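See structure below.
From a predicted model like this one, the values you see are computed outputs, not experimental measurements.
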Amino acid sequence: MAADRRIVIENCAIATVDATDTEYASGHVVLAGNRIESLGEGRAPEGLEDVARRIDASGHLVTPGLINTHHHFYQWITRGLATDHNLFDWLVALYPVWARIDEPMVRAAARGSLAMMARGGVTTAMDHHYVFPHGSGDLSGAIIGAAREMGVRFTLARGSMDRSEKDGGLPPDFAVETLEDALAATEETVREHHDASFGAMTQVAVAPCSPFSVSTELLRDGAQLARRLGVRLHTHGSETVEEEKFCHELFGMGPTDYFESTGWLGEDVWMAHCVHMNDSDIAAFARSRTGVAHCPSSNARLAAGIARVPDMLAAGVPVGLGVDGTASNESGELHTELRNALLINRLGAHKERALNARQALRLGTYGGAQVLGRASETGSLEPGKLADLVLWKLDTLAHASIADPVTALVFGAAAPVTASFVNGRQIVEDGRLLTVDEDAVARATRDEARRLAEIAARG
């Protein structure tokens with residue numbers, strides 16, 4: 001849409017998720033091009049020029065688009081496997097399968113993962129892809145192409161592994177890269193695809209996989225590479241007690257201290273999970289402004305534990321929400337993580353005071369923008385920010401008797417998405433994607449899942 005053309009959304013409840021959590025019981029939002037021009041109580045101002053479209057959003061809540069801060073798209077074609085395993089056993093069971101992925105599989109899986117998130121209100125997605133089997137094709141290009149086709153804002157966390165079975169790691173030997181190849185390919189991906197400009201649709205982060213699948217040299221050199229190129233850093237951290245034991249045995253220190261020793265704490269870093277964090281760890285993350293991607297469903301699926309999210313937030317740690325790979329969160333949806341984050345954290349030490357509905361919504365929006373380094377662009381509804389927003393339908397049987405719309409969205413059933421806008425472009429209408437054929441995506445993912453299963457079975 002041209003910058004001087006406007007879309008006017010009216011008669012809706014609005015949760016801006018700005019610094020003071022401003023809300024309007026019945027308000028309006030005006031989009032101009034790819035930006036939010038204005039918003040407020042009541043109807044839009046009279047006399048607006050160049051209005052291309054008016055939307056009567058009665059019965060809806062408008063929020064910032066959801067922001068996913070951790071995912072593994074390729075796992076879409078290995079859902080439903082190893083369902084009763086902890087993390088290490090799950091990895092041992094699945095790495096031999098994942099080590100046989102190729103470009104068509106990754107493209108289909110990325111389209112499936114993105115489609116499921118986008119139709120559920122995600123406007124900014126990320127993918128931590130770290131499996132690059134020899135001769136598998138242009139996997140990074142396939143993932144980025146799928147995101148561009150879907151129309152979502154996207155960060156590719158270009159992952160890597162160089163610690164295989166022969167080095168005491170978990171991945172098969174042919175599924176890892178050498179230190180030199182991993183660094184070179186990561187730099188090439190950043191230089192080819194990363195866009196540092198305001199409103200960028202594609203960005204790239206440097207993302208060695210985890211302490212138990214990469215060498216100390218890859219972590220240290222990866223951090224130096226990211227800072228030389230001016231991009232963010234991402235990895236897994238403190239996910240399980242087994243990981244903590246591994247770090248103590250191999251490095252003589254816990255995960256947080258190990259990360260700090262390799263340059264992996266800082267405001268340009270975010271880590272997935274961070275379940276097993278003591279007070280000192282949380283203080284180190286707060287002091288350095290290191291971010292956290294909280295993945296409640298995956299942590300529960302793999303019996304990893306309950307992350308101390310209330311304590312992190314109280315200390316000032318940036319925290320967003322993540323789907324995680326769909327081999328450990330088969331639904332592949334982020335809007336259900338709002339509810340799951342709230343409920344699971346109430347099982348922890350803080351009980352009913354752990355999180356409330358508005359804190360959960362903030363995790364999934366502004367918190368995610370902070371973690372991805374994009375809080376000045378998106379994550380809240382404010383004039384001048386990018387036009388990334390969602391209209392949630394809350395007047396149906398599922399939600400109509402809940403008076404507070406934010407409570408309805410977080411505590412209630414998964415709300416239908418009537419419209420989702422990214423960069424001012426509508427990508428979802430009445431729960432269906434406008435950018436791709438969902439049925440075709442489903443068929444392709446089913447076919448590629450079967451092909452991968454057949455190849456893996458042959459060994």
Side-chain angles (χ1 to χ4, degrees), residues 68 70-81 94-120 122-161 174-175 177 182 185-186 188-190 192-195 201-205 207 209 323-334 422 427-428 432-456:
N68 178 40
H70 186 66
H71 210 313
H72 308 296
F73 290 173
Y74 73 91
Q75 292 181 14
W76 187 266
I77 57 174
T78 60
R79 294 192 295 166
L81 305 178
L94 290 177
Y95 266 136
V97 180
W98 296 337
R100 290 163 172 81
I101 59 174
D102 59 22
E103 186 176 334
M105 293 176 191
V106 168
R107 180 180 294 106
R111 294 178 83 223
S113 296
L114 286 159
M116 199 67 191
M117 284 188 292
R119 68 200 294 272
V122 168
T123 56
T124 298
M126 71 79 67
D127 182 32
H128 185 191
H129 188 87
Y130 52 84
V131 183
F132 292 89
H134 302 166
S136 54
D138 182 10
L139 305 189
S140 294
I143 297 164
I144 290 170
R148 186 176 295 120
E149 175 192 26
M150 206 69 54
V152 301
R153 208 173 298 283
F154 181 61
T155 295
L156 173 67
R158 203 292 180 182
S160 51
M161 300 185 293
F174 63 88
E177 300 169 284
T186 301
E188 180 182 3
T189 303
V190 172
E192 183 175 353
H193 296 290
H194 180 69
D195 181 357
M201 292 298 291
T202 304
Q203 296 195 332
V204 179
C209 182
V323 172
D324 203 8
T326 48
S328 65
N329 180 0
E330 275 72 6
S331 77
E333 298 177 305
L334 191 69
V422 181
I427 65 167
V428 176
R432 297 287 293 183
L433 292 164
L434 298 176
T435 51
V436 298
D437 181 338
E438 291 183 26
D439 295 331
V441 170
R443 286 193 298 273
T445 59
R446 182 172 58 249
D447 291 345
E448 292 300 327
R450 287 174 176 168
R451 186 166 71 87
L452 176 58
E454 290 169 359
I455 292 172

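- Within the 4.5 Å cutoff, no side-chain heavy atoms of L434 are placed close to those of V428.
- Between L433 and R119 the shortest heavy-atom distance is CD2-N, 4.0 Å.
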Is there a salt bridge (charged side-chain N to carboxylate O under 4.0 Å, His left out) between E454 and R451 once you walk through the steps? CA-CA 5 Å; E454 290 169 359; R451 186 166 71 87; over 6 Å; no

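- Two residues are said to be in side-chain contact when any heavy atoms from C-beta on lie closer than 4.5 Å; V106 and F73 fail this criterion.
- In this structure, the side chains of I455 and M105 come closer than 4.5 Å at one or more pairs of heavy atoms.
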Decide salt bridge (charged side-chain N to carboxylate O under 4.0 Å, His left out) for E177 and R158; before the verdict, give the C-alpha distance in whole Å, the side-chain angles of both, and the deciding distance to 0.1 Å. CA-CA 13 Å; E177 300 169 284; R158 203 292 180 182; 3.0 Å; yes

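- Between atom OG1 of residue T123 and atom CD1 of residue I427 there is a gap of 7.5 Å, rounded to the nearest 0.5 Å.
- With contacts defined as side-chain heavy-atom distances shorter than 4.5 Å, the pair H70/H72 qualifies.
- A109 and W76 make their closest contact through O-CB, 3.6 Å (heavy atoms, listed as atom of the first residue, atom of the second, distance).
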For residues 137-149, tabulate all N or O donor-acceptor pairs below 3.5 Å that involve a side-chain atom, not counting sequence neighbours.
from: D138; atom 1: OD1; to: G141; atom 2: N; distance (Å): 2.9
from: E149; atom 1: OE1; to: R111; atom 2: NE; distance (Å): 2.9
from: E149; atom 1: OE2; to: R111; atom 2: NH2; distance (Å): 3.1

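- With hydrogens and angles disregarded, no donor-acceptor distance shorter than 3.5 Å links the side chain of N329 to the backbone of D324.
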Check: residues 128-135 side-chain donor-acceptor pairs under 3.5 Å, at least two apart:
from: H128; atom 1: NE2; to: A207; atom 2: O; distance (Å): 2.9
from: H129; atom 1: NE2; to: V131; atom 2: O; distance (Å): 2.7
from: Y130; atom 1: OH; to: Y74; atom 2: OH; distance (Å): 2.8
from: H134; atom 1: NE2; to: V176; atom 2: O; distance (Å): 3.1

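- Panel note: side chain D195, backbone T202; no donor-acceptor pair is recorded below 3.5 Å.
- Taking all atoms of both residues into account, the shortest heavy-atom contact from V152 to A125 is CG2-CB, 4.4 Å.
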Starting from the C-alpha separation in whole Å, work towards a yes-or-no answer on side chain to side chain contact (heavy atoms under 4.5 Å, CB included) for T124 and N68. CA-CA 6 Å; T124 298; N68 178 40; over 6 Å; no

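- A donor atom on one side chain and an acceptor atom on the other are not found under 3.5 Å apart for D447 and T445.
- Heavy atoms only, all atoms of each residue included: T326 and G332 are closest at CG2-CA, 3.5 Å.
- To the nearest 0.5 Å, atom NE2 of residue H194 and atom CD of residue Q203 are 4.5 Å apart.
- Minimum interatomic distance between Y95 and C209 (heavy atoms only, all atoms of both residues): OH-SG, 4.4 Å.
- Counting only heavy atoms from C-beta outward, the side chains of R450 and R446 approach each other to under 4.5 Å.
- The heavy-atom pair separating A99 from F174 by the smallest distance is O-CE1, 3.3 Å.
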M117 vs M150, side chain to side chain contact (heavy atoms under 4.5 Å, CB included): CA-CA, chis, key distance, verdict: CA-CA 10 Å; M117 284 188 292; M150 206 69 54; over 6 Å; no

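- Residues R100 and L452 form a side-chain contact, since some pair of their non-hydrogen atoms from C-beta on lies under 4.5 Å apart.
- In terms of modelled atom types and a separation under 3.5 Å, the side chain of E330 and the main chain of G80 share a donor-acceptor contact.
- Put simply, the side chain of S113 never gets that close to the backbone of A110: no donor and acceptor are under 3.5 Å apart.
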